[in-house]
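Structure first, commentary second.
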Amino acid sequence: MPLAGAELAAVPRGLREMQFVDSLMEASHGTSAADGGFHLSPLAPGAVDVLAWAPGHRPARFGPFPSEAGLDLNIGDIKPERGPVIIGR
C-alpha cells in the first residue's frame, strides 16, 4: 500500500558534519504523493542515503544510492516500518 504524505530527504553517505544536515535535508526535501512516488533534488554528488519519516512509522534510512549530476535515479519502493507513537503534552 503506497504511503502518501511521507517526508523524505537525501543526505550524502557518511556525512560527519552534523551542522550541515539541516540545510541538506531542507534543500533535497520532498513529500510522497498519493501513489507513494516522490522526487528529491538537488542531490550531492557521490553516494546518498534517503531518509524517510511519516506519522505512525519509524524514521528510516535507505541506501546508499549513487548520485551523479544529470542522472535520474529510480530507487524503487521504500517501506518505512510501522512503529509506536508517543503522545504527550
Side-chain angles (χ1 to χ4, degrees):
M1 174 179 232
L3 181 57
E7 304 291 325
L8 301 111
V11 297
R13 180 73 172 183
L15 181 67
R16 302 220 190 294
E17 296 295 329
M18 296 306 287
Q19 66 189 22
F20 300 119
V21 170
D22 288 345
S23 60
L24 289 168
M25 287 177 63
E26 185 176 323
S28 69
H29 178 264
T31 304
S32 62
D35 66 357
F38 59 91
H39 183 262
L40 305 176
S41 69
L43 302 181
V48 296
D49 287 325
V50 173
L51 310 178
W53 59 100
H57 293 76
R58 297 172 63 184
R61 180 180 69 200
F62 303 92
F65 302 105
S67 173
E68 293 179 32
L71 174 71
D72 285 337
L73 177 66
N74 184 342
I75 64 171
D77 293 340
I78 60 172
K79 297 177 178 148
E81 296 178 14
R82 288 215 166 264
V85 176
I86 298 173
I87 301 172
R89 48 182 194 144

Which residues satisfy the side chain to side chain contact (heavy atoms under 4.5 Å, CB included) test with Arg13, sequence neighbours excluded?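 Side chain to side chain contact (heavy atoms under 4.5 Å, CB included) check on Arg13 returns Ala47, Asp49, Arg61, Pro64.
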Among Val50, Leu51, Val48, which residue satisfies the side-chain contact (heavy atoms from CB on, under 4.5 Å) criterion with Val11?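 Among Val50, Leu51, Val48, the one meeting side-chain contact (heavy atoms from CB on, under 4.5 Å) with Val11 is Leu51.
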Check each of Ile75, Leu3, Thr31 against Phe38 using the side-chain contact (heavy atoms from CB on, under 4.5 Å) test, and report the only one that passes.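 Going through the options one by one, the only one that passes is Ile75.
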Quick check: closest heavy atoms across [X] and [Y], and the distance to 0.1 Å?
| X | Y | result |
| --- | --- | --- |
| Trp53 | Met25 | CH2-CE, 3.5 Å |
| Pro42 | Ala27 | CD-O, 3.4 Å |
| Pro2 | Gly36 | CB-N, 3.7 Å |
| Ala10 | Leu43 | CB-CD2, 3.3 Å |
| Ala52 | Pro80 | CB-CG, 4.2 Å |

Listed by chain and number, what are the salt bridge (charged side-chain N to carboxylate O under 4.0 Å, His left out) partners of Glu81, not counting sequence neighbours?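 Glu81 satisfies salt bridge (charged side-chain N to carboxylate O under 4.0 Å, His left out) with Arg58 only.
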Under the side chain to side chain donor-acceptor pair (under 3.5 Å) rule, collect the residues that match up with His29, sequence neighbours excluded.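 Expected list: Glu7.
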